[in-house]
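Reading through the structure tokens given below for one structure.
Please read all numbers here as calculations on a predicted model, not as lab measurements.
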Amino acid sequence: MKQKKQLLLILILLFCSAIGYCDEIITFADSNVEAICVAKWETSGDGKLSKAEAAAVTALGTAFKKNNEITSFNELQYFTGLTKLDKWAFGNCHKLTSVTLPSTITEIDENAFTSSGLTAFNIPASVTAIGESAFAGCQSLTAFTVDASNNSFTVVDGILYNKEKTILINCPAGKSTTATLPETVQKIEANGF
């Protein structure tokens, strides 16, 4: 497995070198996130995380779970080797207010952001699946947005639904007392409110 990871990193570095992208170091807004990322995924020995090193990451696991020090992770957008956010990836990160997903994410697994401090969340065009309770207990969440090119989800008045509006995925805490659901809704996901 380690050889496959090294080969993948070499291929990414070669590709990045060809387009002049690999030496670019990520500037993190949150030093706590940077410390975790460097400790787990920095491979060059320079103590910094490059975009190429971030792109080589294929799973976050629970590296950030229950971390109450992190506040933002918009640099996650450079982790383009990710196609899925694991269960509990950012679960119980109570101070985490913002995350920007890479355009390669197709699945947000169950409980991925449970009880995090998110205030708003954008679903990229690439996301086709969201697990149950992915946003359960996000008391500060006021609204969702969905990329206009997303073919799986839609938002009405800040509330997240599947594209057909037959399944309510999540109603943010700020909308739960004033929500008016479309007549098309047939199912409310677990912890949808």
Let me confirm one number: the [atom1]-[atom2] distance from [X] to [Y], rounded to the nearest 0.5 Å.
{"X": "Lys40", "Y": "Leu49", "atom1": "NZ", "atom2": "CG", "answer": "12.5 Å"}
{"X": "Leu101", "Y": "Leu85", "atom1": "CG", "atom2": "CG", "answer": "5.5 Å"}
{"X": "Ile123", "Y": "Asp147", "atom1": "CD1", "atom2": "CG", "answer": "10.5 Å"}
{"X": "Lys65", "Y": "Asp86", "atom1": "NZ", "atom2": "CG", "answer": "11.5 Å"}
{"X": "Leu168", "Y": "Lys187", "atom1": "CG", "atom2": "NZ", "answer": "11.0 Å"}
{"X": "Asn68", "Y": "Lys66", "atom1": "CG", "atom2": "NZ", "answer": "10.0 Å"}

Quiz item: What pairs of residues pass the ring-ring contact (aromatic ring centres under 6.0 Å, His included) test when at least one of them lies in residues 106-135, not counting sequence neighbours?
Solution: Phe90-Phe113, Phe113-Phe121, Phe113-Phe135, Phe121-Phe135, Phe135-Phe144

Exercise. Might you work through the side chain to side chain contact (heavy atoms under 4.5 Å, CB included) test for Asp46 and Ile25, ending with a clear yes or no?
Key: CA-CA 10 Å; Asp46 64 0; Ile25 300 298; 3.9 Å; yes

Are [X] and [Y] packed together at the side-chain level, in the sense that at least one heavy-atom pair is separated by less than 4.5 angstrom?
{"X": "Ile130", "Y": "Leu160", "answer": "yes"}
{"X": "Tyr161", "Y": "Pro182", "answer": "yes"}
{"X": "Asn92", "Y": "His94", "answer": "yes"}
{"X": "Pro124", "Y": "Asn150", "answer": "no"}
{"X": "Ile70", "Y": "Lys95", "answer": "no"}
{"X": "Thr100", "Y": "Asn122", "answer": "no"}
{"X": "Glu189", "Y": "Ile167", "answer": "yes"}
{"X": "Val57", "Y": "Leu82", "answer": "yes"}

Closer than 3.5 angstrom, by distance alone: can the side chain of [X] be matched with the main-chain N or O of [Y] as a donor-acceptor pair?
{"X": "Ser126", "Y": "Ile105", "result": "yes"}
{"X": "Ser72", "Y": "Ser98", "result": "no"}
{"X": "Thr142", "Y": "Thr119", "result": "yes"}
{"X": "Thr97", "Y": "Thr71", "result": "yes"}

Shortest non-hydrogen separation from [X] to [Y] and the atoms involved:
{"X": "Ala125", "Y": "Ser149", "value": "CB-CB, 3.8 Å"}
{"X": "Trp41", "Y": "Ala63", "value": "CH2-CB, 4.1 Å"}
{"X": "Cys37", "Y": "Phe79", "value": "SG-CZ, 3.8 Å"}
{"X": "Ile108", "Y": "Ala134", "value": "CG2-CB, 4.1 Å"}
{"X": "Lys51", "Y": "Tyr78", "value": "CE-CE2, 3.4 Å"}
{"X": "Asn170", "Y": "Ile159", "value": "O-CG2, 3.5 Å"}

Practice problem: Taking atom types as modelled, find out whether Glu53 and Ser44 have a side-chain donor-acceptor pair closer than 3.5 angstrom. | Solution: yes

Exercise. Report the residues that fulfil salt bridge (charged side-chain N to carboxylate O under 4.0 Å, His left out) with Asp30, sequence neighbours left out, ordered by chain and then residue number.
Key: none

Exercise. Is it possible for you to say whether Val99 and Trp88 belong to one hydrophobic cluster, with membership spreading through side-chain heavy-atom contacts below 4.5 Å?
Key: no

Quiz item: Does one hydrophobic cluster hold both Phe153 and Leu118, with members joined at side-chain heavy-atom distances below 4.5 Å?
Solution: yes

Quiz item: Could you walk me through whether Thr106 and Lys84 pass the side chain to side chain contact (heavy atoms under 4.5 Å, CB included) check?
Solution: CA-CA 6 Å; Thr106 59; Lys84 176 181 179 180; 5.6 Å; no

Practice problem: Assess whether side chain to side chain contact (heavy atoms under 4.5 Å, CB included) is satisfied between Thr154 and Lys165, documenting all intermediate values. | Solution: CA-CA 7 Å; Thr154 192; Lys165 295 182 211 126; 3.8 Å; yes

